[in-house]
Amino acid sequence: MAFFWGSSPSPPHKLYFLAHIIGLQPRADQSKSHTTSDAAPGGGQTRTEVIDSAVMKLQAVKGTSDILPEDQARWHDVYRTANEVLTRAGVRELSTPVFEHSEVFTRSVGDSADLVVQKEMYTFSDQGERSLTLRPEFTAGVVRAFIEHGMQMRPTPVKLWSRGPVFRAEKPQRGRYRQFHQINCEIFGLDTPLVDAEAIALLYRLLQGCGLTGMVVKLGSIGDPDDRKAYNAYLREVLAPRADQLSETSQERLRLNPLRLFDSKDPNDQALLEGLKRPLDMLGDNAKAHFGAVQGYLRDWQIPFEIDASIVRGLDYYRRTAFEVHHGSIGAQSALCGGGRYDGLVEQLGGPAVPGIGWAFGVERVLDAMREDGVASGAIARPLLFLVPMDEAAVDEVAAKALQLRETYHIEHAYVRRNPGKGLRDADRANAVFAGLRGEKERAERSYQLKHLASGEQTMVPEDELMTFLRRYV
Ligand code: HAM
């Protein structure tokens with residue numbers, strides 16, 4: 001339903017408040033949200049802006065969406081599968097807050113203080129002038145919680161999974177949203193290839209459990225910090241003569257963190273990078289052996305994968321194994337999942353030297369891929385019985401009966417007197433298995449007239465035996 005704020009005369013302070021709420025948008029968008037040139041002192045909103053906002057039709061912020069009741073079953077299917085697959089592997093669920101001190105994320109980004117990543121964050125000051133950020137991913141918050149709760153004292157490895165909304169101020173398109181949802185998994189405490197392979201195998205089994213068939217695991221390695229240093233030096237050297245032809249962002253990246261150049265979507269940048277060596281071509285002996293061992297496990301366990309030298313996972317915290325899972329039919333944003341090893345991140349955030357590896361997949365993209373792969377939609381909850389009051393006295397009777405039967409079954413009812421035709425139509429629209437009619441005759445017989453909506457079969461059932469009767473149909 002759409003709401004309009006224009007018609008009722010609200011006191012000005014209330015309008016300011018509403019306009020303020022409506023105007024909550026990332027910095028990149030603010031120029032578009034209000035058209036007035038009548039600037040208010042101190043950068044606040046002008047009267048014109050407030051009135052514009054007050055008559056604005058309220059709708060979800062661009063890049064965010066509602067998950068409607070009819071779509072919930074699919075979401076629950078994915079969460080249930082994640083819970084089952086991960087719990088069976090000893091991965092325990094951790095919930096962290098939706099926002100953190102901004103430092104949790106800026107510190108995890110690393111020395112490069114990556115400008116692009118920071119621009120994508122929803123950062124704001126609270127009333128105490130603290131800088132807070134809506135989580136743009138789970139990993140940094142999970143590491144913060146790991147340190148804060150001294151989880152390194154727990155039996156190793158510590159395996160944690162999380163689910164929930166994630167926020168990035170990106171340009172929306174298919175598969176790219178400003179609020180989206182991730183299922184995230186982290187394994188702390190071991191740096192052996194066995195753990196890398198386990199993380200990837202779990203991810204694969206989970207996506208398979210969701211019914212996906214068209215996904216491809218792409219595996220790469222970005223080496224150890226020394227390999228990365230050598231590789232960055234190589235990139236700087238080969239690109240120096242043509243650095244000024246790179247896009248502005250890429251020039252910045254070349255200076256701060258050259259590996260991230262490969263994240264550029266600019267076709268001109270991509271052309272300049274073509275033919276260059278990739279980190280995989282310059283691995284040191286240790287990283288090479290580690291990478292080989294991970295592949296060995298995956299082959300033994302029959303987890304299909306492709307080696308892909310273009311997987312670089314540019315964030316500073318990644319080391320050695322890096323991987324993505326892609327799906328060919330969901331458009332340009334084909335990555336379902338990204339992950340990798342991040343030994344060093346726990347220390348970077350002020351904790352002990354504990355290695356880690358993890359991944360996250362985007363639930364919206366996985367649901368899109370499930371649709372493309374023709375996975376049947378999740379079972380939608382339907383009432384077993386829809387009660388229809390056929391006179392005034394029956395309105396309260398069916399409500400009381402529904403409350404009683406709901407201790408065991410899904411029961412719905414009409415809230416006003418209905419004639420049989422309309423009542424049956426209501427029951428049909430609710431997708432009920434049975435309609436239960438109640439009127440004068442049924443009251444006299446202390447019964448309900450039950451109609452099986454699929455077959456049309458009718459039975460008079462004594463009101464005290466409804467519970468037993470329904471049991472056969474669950
Ligand atoms: P990421 O590659 O940034 O990794 O995101 C993981 C997944 O989230 C992507 O593969 C994609 O499916 C989904 N995703 C990302 N951005 C969007 C968006 N704007 N709209 C919809 N879906 C999106 C991470 O987040 C790392 N923290 C993963 C990780 C965990 N590494 C180690 N542990």
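Whatever order the structure lists them in is the order used to number ligands and atoms, beginning at 1. Because the structure is predicted, anything quoted here is derived from the model rather than measured.
- Considering backbone and side-chain N/O atoms, Phe361 never comes within less than 3.5 Å of an N/O atom of ligand 1.
- Among all protein heavy atoms, the one lying closest to atom 21 (C) of ligand 1 is Gly175 O, 3.1 Å.
- Under a 4.0 Å N-O distance rule, the pair Asp224/Arg319 does not qualify as a salt bridge.
- Here the closest non-hydrogen pair linking Asp373 and Gly214 is OD2-N, 3.0 Å.
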Worked check of side-chain hydrogen bond (donor to acceptor under 3.5 Å, both in side chains) between Glu186 and Thr139 | CA-CA 8 Å; Glu186 312 290 357; Thr139 310; 2.9 Å; yes

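- Protein heavy atom in closest approach to atom 12 (O) of ligand 1: Leu336 O, 2.8 Å.
- Protein heavy atom nearest atom 7 (C) of ligand 1, with residue, atom name and distance: Ala360 O, 3.6 Å.
- The protein non-hydrogen atom at the shortest distance from atom 28 (C) of ligand 1 is Gly338 O, 3.4 Å.
- Inter-residue side-chain proximity for Asp281 and Tyr234 is flagged as unmet; no heavy-atom pair is nearer than 4.5 Å.
- Distances below 4.0 Å separate heavy atoms of Glu186 from the following atoms of ligand 1: 30 (C), 32 (C), 33 (N).
- Note: no N/O pair closer than 3.5 Å links Pro136 and ligand 1 by distance alone.
- Within ligand 1, counting atoms from 1 as listed, the ones closer than 4.0 Å to a heavy atom of Ala335 are 10 (O), 11 (C), 12 (O).
- Residue contacts with ligand 1: Tyr342 is placed with no nitrogen or oxygen under 3.5 Å of a nitrogen or oxygen of the ligand (distance criterion only).
- Neither the backbone nor the side chain of Glu364 comes within contact range of ligand 1; no heavy atom lies under 4.0 Å.
- In terms of protein heavy-atom proximity, atom 31 (N) of ligand 1 is closest to Tyr318 OH, 2.7 Å.
- The contact set between ligand 1 and Glu137, taken as ligand atoms under 4.0 Å from a residue heavy atom, comprises 25 (O), 26 (C), 27 (N).
- Atoms of ligand 1 lying under 4.0 Å from at least one heavy atom of Cys337, given by number and element, are 10 (O).
- Shown in contact with Tyr177 at under 4.0 Å from a heavy atom are these atoms of ligand 1, numbered in order with element: 18 (C), 19 (N), 20 (N), 21 (C).
- Across all their heavy atoms, Ile330 and Glu372 have their closest contact at CG2-CG, 4.1 Å.
- A donor-acceptor pair under 3.5 Å is formed between the side chain of Lys159 and the backbone N or O of Ala89.
- When every heavy atom of Ala145 is checked against every heavy atom of Met151, the shortest pair comes out as O-CE, 4.0 Å.
- Here is the list of ligand 1 atoms found below 4.0 Å of a heavy atom in Asn184: 30 (C).
- Side-chain atoms of Arg168 come within 3.5 Å of backbone atoms of Pro136 as a donor-acceptor pair (strictly under, hydrogens ignored).
- In this structure, atom 30 (C) of ligand 1 lies nearest to the protein heavy atom Thr139 OG1, 3.0 Å.
- Polar contact check, Phe138 against ligand 1: no nitrogen or oxygen pair lies under 3.5 Å apart.
- Heavy atoms of Arg168 come nearer than 4.0 angstrom to ligand 1 in at least one pair.
- Under 4.0 Å from ligand 1, the heavy atoms of Arg365 that appear belong solely to its side chain.
- Summarising the geometry of Ser162 relative to Val142, their closest heavy-atom pair is OG-CG2, 3.9 Å, with the distance given to 0.1 Å.
- Ion pairing between a basic and an acidic side chain is recognised when a charged N comes within 4.0 Å of a carboxylate O; Arg341 and Asp191 show no such pairing.
- Heavy-atom proximity to atom 19 (N) of ligand 1, evaluated over Gln173, Glu170, Arg174, Gln182, is greatest for Glu170.
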Decide yes or no on side chain to side chain contact (heavy atoms under 4.5 Å, CB included) for Val61 and Gln179, but give the supporting numbers first.
-> CA-CA 9 Å; Val61 173; Gln179 175 177 319; over 6 Å; no

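- For atom 22 (N) of ligand 1, the closest non-hydrogen atom of the protein is Phe180 CD1, 3.3 Å.
- Two residues are said to be in side-chain contact when any heavy atoms from C-beta on lie closer than 4.5 Å; Ser334 and Arg365 fail this criterion.
- Within the 4.0 Å heavy-atom criterion, neither part of Val366 lies near ligand 1.
- The protein non-hydrogen atom at the shortest distance from atom 1 (P) of ligand 1 is Arg313 NH2, 3.6 Å.
- Annotation for ligand 1: atoms under 4.0 Å from non-hydrogen atoms of Trp359 are 29 (C), 30 (C), 32 (C), 33 (N).
- Look at Asp426 and Arg429 and you find no salt bridge, because none of the NZ, NE, NH1 or NH2 atoms lies under 4.0 Å from a carboxylate O.
- Atom CG of Asp285 sits in a sparse spot, with 12 or fewer heavy atoms from other residues, nucleotides or ligands closer than 6.0 Å.
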